[in-house]
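The next block holds one structure in the form of structure tokens; read it before the comments.
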Number of protein chains: 2
Amino acid sequence: MSDHRPLPLLGAPQTERRDAARNREALMCAAAALVAEHGAAAVTMDEVAARAGVGKGTVFRRFESREGLMGALLNQSETDWQASVISGPPPLGPGAPPLDRLRAFGRSRIEVTLQHAELIREAGRVGPRSYAAYSFTAMHVRYLLAEIGVTGDLPLLATAILAPLEVPILDQQVRIEEFPVDRVYEAWTDLVGRVVQR
Amino acid sequence: MSDHRPLPLLGAPQTERRDAARNREALMCAAAALVAEHGAAAVTMDEVAARAGVGKGTVFRRFESREGLMGALLNQSETDWQASVISGPPPLGPGAPPLDRLRAFGRSRIEVTLQHAELIREAGRVGPRSYAAYSFTAMHVRYLLAEIGVTGDLPLLATAILAPLEVPILDQQVRIEEFPVDRVYEAWTDLVGRVVQR
DNA sequence: CGACTAAACGGACTGCGGTCCGCTTTCATT
DNA sequence: AATGAAAGCGGACCGCAGTCCGTTTAGTCG
């Protein structure tokens with residue numbers, strides 16, 4: 001009756017077998033290298049598997065899908081960025097007045113999104129990753145709006161402020177219509193100003 | 001030296017051969033039926049071809065790609081909608097004050113987007129179709145903002161107002177977070193109010 | 001009406017994402 | 001060190017989007 005499963009302990013990261021960890025590492029490296037060489041869109045799962053020296057099935061067990069793999073790649077930089085928002089130097093990090101932080105957030109987000117645009121597109125709307133990223137930015141903006149003293153439907157207002165920073169829209173404006181990034185940022189700042197009523 | 005090409009005449013729709021026209025028709029019907037039956041995501045190009053009684057190559061010659069086919073399907077309803085914006089009854093059509101028209105536009109766009117969400121997603125960012133749709137709405141909103149007397153970077157302001165009406169965002173809010181459509185619409189109206197400073 | 005050509009056709013073929021299942025490795029236990 | 005079983009592995013296999021090219025057909029001109 002009494003089963004002796006190790007009782008996961010929550011802090012211990014779910015003990016991954018040694019070979020599994022090694023392969024995950026190798027796969028991430030191989031994928032990153034291939035993305036750097038040929039662009040994310042041109043990377044195939046077979047290539048990644050071959051380059052990492054593992055079978056194709058292994059890639060899919062580790063990362064679920066092509067989108068999952070791209071998402072994992074993306075997460076590396078995304079996590080760093082989140083850290084600099086949470087605890088980096090102001091005005092992006094804490095310490096500056098909330099409206100300044102919000103402006104810095106927008107600027108930084110535009111740059112980071114454009115820089116990883118291809119990867120983000122390839123990662124698609126893969127469940128957990130994208131949702132985590134979404135909910136982090138949404139929460140942060142909501143918090144800043146509250147700090148500023150904005151009243152109204154904050155969750156939806158935050159979404160409205162974030163929407164023009166999504167890849168398809170930024171791509172359209174910057175890469176297709178060739179608006180300068182500075183102008184896009186100015187316009188976003190203007191939008192924020194109107195929303196917070198200043 | 002003098003070649004007697006018929007000089008396309010621009011009004012005559014590029015004379016499509018009779019059989020080609022017949023097949024295009026059959027393919028659109030077949031595709032629409034399959035979408036209605038199994039949902040857009042589940043429709044395969046082979047099925048469409050078989051149902052229309054033509055070869056697969058024909059489907060791709062007519063519609064370029066899967067996304068192109070979905071885009072063509074979408075265009076049918078999109079065109080009707082555009083007509084009702086341009087020349088339908090107020091407040092969506094002309095005749096009402098511009099701010100009322102803008103509000104009606106938002107409401108209508110939310111509904112139409114949610115209704116065709118699957119098709120829109122399947123149609124992806126297929127060049128001409130999506131771009132045409134995008135530029136129609138952008139132009140219309142820009143026009144209404146100007147009528148209202150809004151000052152600022154109108155092209156980008158228009159984009160900012162349209163961004164929260166895109167499928168991924170609406171989907172997230174309505175289908176995942178389960179906000180009622182009315183609340184989403186209220187929040188969008190509030191956003192518009194802040195942008196036009198009222 | 002017959003001949004000619006450009007357009008259209010169709011289905012075999014390719015490449016990729018994703019699955020499946022029999023075999024191998026790790027590691028806890030004794 | 002031996003052993004047992006769960007976790008991991010790999011590559012053959014499948015379905016689908018998209019291409020290619022030899023064959024057929026619509027429309028035109030003498």
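So that the names make sense, note that chain A is the first sequence line, chain B the second, and so on, each numbered from 1.
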- Would you check, one step at a time, whether the test side-chain contact (heavy atoms from CB on, under 4.5 Å) holds for A:Met139 with A:Arg142? CA-CA 5 Å; A:Met139 205 186 75; A:Arg142 219 150 61 218; 4.1 Å; yes
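- Following rounding to the nearest Å, B:Leu69 (CG) and D:dG18 (P) show an atom-to-atom distance of 10 Å.
- We find that CG of A:Asp46 is positioned 10 Å from C1' of C:dG18, with the value rounded to whole Å.
- By the criterion of side-chain heavy atoms lying less than 4.5 angstrom apart, applied directly or through intervening Ile, Leu, Val, Met, Phe, Trp or Tyr residues, B:Leu162 is grouped together with B:Leu92 in one hydrophobic cluster.
- Note: CZ (B:Phe60) to C1' (C:dT14) measures 13 Å, nearest angstrom.
- Contact annotation: B:Arg61 side-chain N/O to C:dC9 OP1/OP2 distance is under 4.0 Å.
- For the pair B:Thr58 and C:dA8, the criterion of a side-chain N or O lying under 4.0 Å from OP1 or OP2 is not met.
- Distance CZ (B:Arg66) to C1' (D:dT19): 18 Å, rounded to an integer number of Å.
- Distances were taken from every side-chain heavy atom of B:Ala20 (C-beta onward) to each of C:dG18, C:dG17, C:dC9; the shortest belongs to C:dC9.
- Using a 4.0 Å heavy-atom distance criterion, A:Val43 is classed as a sugar-phosphate-only contact.
- In terms of polar N and O atoms assigned as donor or acceptor, the side chain of B:Arg17 never comes within less than 3.5 Å of the base of C:dA8 in a complementary pairing.
- Atom CZ in A:Phe63 sits about 15 Å away from atom C1' in D:dC9, given to the nearest Å.
- Minimum atom distance to the side chain of B:Lys56 is reached by C:dG11, of the listed C:dG10, C:dG18, C:dG11.
- Using a 4.0 Å heavy-atom criterion, one finds that B:Arg62 contacts the sugar-phosphate atoms exclusively.
- B:Trp188 does not carry B:Arg107 over the face of its six-membered ring by the limits of under 6.0 Å from the centre and within 45° of the normal.
- If you measure from atom CD of A:Glu16 to atom C1' of D:dC9, you get 14 Å, rounded to the nearest angstrom.
- Dashed line: the shortest gap from a side-chain N or O of A:Asn23 to OP1 or OP2 of D:dC9 is under 4.0 Å.
- D:dA17 atom C1' lies 13 Å from atom CD of B:Glu47, rounded to whole Å.
- Classified by interplanar angle (parallel below 30°, tilted 30° to 60°, perpendicular above 60°), the ring pair B:Phe136/B:His140 is parallel.
- For A:Arg22, the side-chain atoms get nearest to C:dT26 when compared with the rest of C:dC9, C:dT26, D:dG10.
- For the pair B:Arg24 and B:Phe63, the distance from NZ or CZ to the six-membered ring centre is under 6.0 Å and the angle to the ring normal is within 45 degrees.
- Along DNA chain D, the nucleotide nearest to B:Asp19 and the one nearest to A:Val54 differ in position, and the one closer to the 5' end is contacted by A:Val54.
- Rounded to an integer number of Å, the gap from CE of B:Met70 to P of D:dG18 is 10 Å.
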